[in-house]
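Starting from 1, each residue takes its place in the sequence as its number. Being a predicted model, the structure only gives us computed values, none of them experimental.
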Amino acid sequence: MQKLDKLYEGKAKKLYATDDPGVLWVEYMNQATAGNGAKKAQIEGKGSLNNRITSVLFDLLAARGVDSHFVRRISDTEQLVRAMDMYPLEIIMRNTAAGSFAKRYGVEEGTELKQPILEFCYKSDDLGDPFINDDGIVALGLASKEELDEISRQARAVNDALRDIFSKIDVQLVDFKIEEGKTSDGTILLADEITPDTCRLWDLRDGSGQIEHLDKDLFRRDLGNIIPAYEEILDRLEALADAEGVARRVTLA
Ligand code: UDP
């Protein structure tokens, strides 16, 4: 597989074409951002940790029947994925009240929700990713009703599978953001990344009674260094994948 032109550079990843039009080359960067890019830092080791975390998560999900765009990991910081037309949506699932949801409704962070909540935001840096509901998505033509039904079904399936995965490594899956896209043959699939940048993960092994963040809130809220927390997540996920004998899609040069 040959790496060709750079197609896109985001806040945390660079995307390249390859000699196969159906496959893209993703490079994870060390950059961390928060507040729509208002806060920015280079954090040595972050790109490699997120590349490895999202790769093992896509393998653990596949073993649970949840497909994604992931093809295989090819180095510490790089992976191959299927080329997709992305929906301009941030798809958020919440199991526990936190962050913007806790603020918006005046509930204490950590309050368990009686059922998972699926939320959508319209992905637009200029507009600050505003909240949008199902009717708004269809009315603006961001996805058809049928596509949105499938996206919603997949988001709930991802939540069920991720909750199972994280409960097995003593981590509370508070909430997370995913993105979905469509391949050239019309298949709707989970895409982008699933990492501690995009999930709220609280340690259940910590007996202090206080919330122990193993995610980007450490950076967003100036609570500490993210690297040991991300390493802890990777170590526990790798141990789970080994224990479950999950097939790993990795070919290192
Ligand atoms: N999230 C994300 N990217 C965004 C916004 C949110 O990955 O641009 C994730 C975030 O890490 C959390 C979940 O989505 O796990 C819900 O975030 P929330 O809406 O509470 O926003 P925040 O409080 O982070 O602004």
Side-chain angles (χ1 to χ4, degrees), residues 28 45-46 48-73 76 79 81 91-99 101 109-119 152-180 189-218 223-250:
Y28 279 73
K46 174 176 173 284
S48 155
L49 284 164
N50 275 350
N51 183 46
R52 288 183 293 156
I53 289 169
T54 198
S55 298
V56 66
L57 274 172
F58 284 137
D59 286 336
L60 284 158
L61 284 172
R64 286 163 172 77
V66 177
D67 290 336
S68 71
H69 71 155
F70 181 68
V71 175
R72 64 180 193 273
R73 182 163 77 80
D76 245 19
Q79 61 181 254
V81 301
I91 302 155
I92 294 171
M93 290 286 326
R94 303 181 185 276
N95 298 302
T96 305
F101 180 90
E109 249 194 357
T111 306
E112 272 316 295
L113 300 169
K114 294 193 195 313
Q115 60 169 45
I117 299 171
L118 173 58
E119 273 179 17
S152 303
R153 189 195 66 72
Q154 288 189 19
R156 293 183 192 281
V158 170
N159 187 42
D160 290 344
L162 285 181
R163 285 178 76 161
D164 176 61
I165 290 165
F166 282 109
S167 73
K168 291 198 161 88
I169 60 165
D170 304 320
V171 168
Q172 184 175 344
L173 178 65
V174 172
D175 57 28
F176 62 90
K177 185 264 308 180
I178 54 170
E179 297 184 25
E180 296 253 329
L189 276 179
L190 169 65
D192 197 50
E193 65 176 83
I194 305 178
T195 65
D197 276 9
T198 61
C199 303
R200 284 198 171 90
L201 304 170
W202 293 354
D203 194 3
L204 297 170
R205 283 185 196 165
D206 175 78
S208 71
Q210 292 194 318
I211 295 170
E212 186 71 31
H213 301 271
L214 296 175
D215 57 55
K216 202 165 87 171
D217 276 347
L218 291 167
L223 296 172
N225 183 357
I226 62 167
I227 295 299
Y230 285 33
E231 277 170 348
E232 184 66 29
I233 292 294
L234 177 62
D235 288 350
R236 291 190 202 178
L237 288 172
E238 294 277 2
L240 177 67
D242 287 347
E244 290 186 347
V246 164
R248 305 297 309 279
R249 290 165 285 179
V250 189

Exercise. Hey, is K168 close enough to D164 for a salt bridge, meaning N to O under 4.0 Å?
Worked result: yes

For this session: Working to the nearest 0.5 Å, report the span between CD of E232 and CG of L49.
Result: 11.5 Å

Exercise. Can I194 and C199 be said to form a side-chain contact (heavy atoms from CB on, under 4.5 Å), step by step?
Worked result: CA-CA 7 Å; I194 305 178; C199 303; 3.7 Å; yes

Exercise. Taking 4.0 angstrom as the limit, do D175 and R200 come out as a salt bridge?
Worked result: yes

For this session: Find the distance between CZ (F70) and CG (D192) and round it off to the nearest 0.5 Å.
Result: 13.5 Å

Exercise. Could you give the distance from CD1 (I226) to CG (D217), rounded to the nearest 0.5 Å?
Worked result: 11.5 Å

Exercise. Stepwise, does the side-chain contact (heavy atoms from CB on, under 4.5 Å) test hold for L60 with L240?
Worked result: CA-CA 9 Å; L60 284 158; L240 177 67; 4.0 Å; yes

Exercise. Distance from I227 atom CD1 to L234 atom CG, nearest 0.5 Å?
Worked result: 11.0 Å

Exercise. In Å, rounded to the nearest 0.5 Å, how long is the span from CZ of F166 to CZ of F176?
Worked result: 9.5 Å

Exercise. What is the minimum heavy-atom distance between S68 and L189, and which atoms define it?
Worked result: O-CD1, 3.7 Å

Problem set entry | Nearest atoms (heavy-atom pairs only) where D215 meets P196 | CB-O, 3.4 Å

Problem set entry | Side-chain H-bond candidate by donor/acceptor type, R163 with N95, under 3.5 Å | yes

Exercise. With no hydrogens and no angle check, is any side-chain donor or acceptor of N51 less than 3.5 Å from a backbone partner on D76?
Worked result: yes

Exercise. Between the side chains of S48 and R52, does any donor sit under 3.5 Å from an acceptor?
Worked result: yes

For this session: Might you point out which heavy atoms bring Y230 and I53 nearest each other, and give the distance in Å?
Result: O-CD1, 3.5 Å

Exercise. Just by distance, do the side chain of R73 and the backbone of R248 share a donor-acceptor pair under 3.5 Å?
Worked result: no

For this session: Would you give the length of the straight line joining atom CG of L214 to atom CG of L204, rounded to the nearest 0.5 angstrom?
Result: 9.0 Å

Problem set entry | Side-chain heavy atoms of W202 within contact of T96, under 4.5 Å | yes

Exercise. With the threshold set at 4.0 Å, does a side-chain nitrogen-carboxylate oxygen contact exist between D197 and K46?
Worked result: yes

Exercise. Considering all heavy atoms of both residues, which atom of L61 and which atom of V158 are nearest to each other, and what is their separation?
Worked result: CD2-O, 4.4 Å

Exercise. So, do T198 and I178 sit near enough that their side-chain heavy atoms are less than 4.5 Å apart?
Worked result: no

Exercise. Would you call K177 and I91 a side-chain contact if the rule is heavy atoms closer than 4.5 Å?
Worked result: no

Problem set entry | Heavy-atom closest contact (G99 atom, E109 atom, distance) | N-OE2, 2.8 Å

For this session: Output, in order, the C-alpha distance, side-chain angles, deciding distance and verdict of side-chain contact (heavy atoms from CB on, under 4.5 Å) for V174 and L201.
Result: CA-CA 6 Å; V174 172; L201 304 170; over 6 Å; no

For this session: Please determine, by modelled atom types, if E193 and T195 share a side-chain donor-acceptor pair under 3.5 angstrom.
Result: yes

Exercise. D59 side chain to R249 main-chain N or O, any donor-acceptor pair under 3.5 Å?
Worked result: yes

Exercise. Going by atom types only, do E112 and Q172 share a side-chain donor-acceptor pair under 3.5 Å?
Worked result: yes

For this session: Have a look at L237 and tell me which of V246, I169, D242 forms a side chain to side chain contact (heavy atoms under 4.5 Å, CB included) with it.
Result: I169

For this session: Could you please spell out the steps behind the side-chain contact (heavy atoms from CB on, under 4.5 Å) verdict for R64 and E244?
Result: CA-CA 11 Å; R64 286 163 172 77; E244 290 186 347; 2.7 Å; yes

Exercise. Any side-chain heavy atom of S55 within less than 4.5 Å of one from Q79?
Worked result: yes

Problem set entry | Set of residues satisfying side chain to side chain contact (heavy atoms under 4.5 Å, CB included) with respect to V71, sequence neighbours excluded | L80, R82

Exercise. Which atom names give the shortest non-hydrogen contact between L118 and A155, and what distance separates them?
Worked result: CD1-CB, 3.9 Å

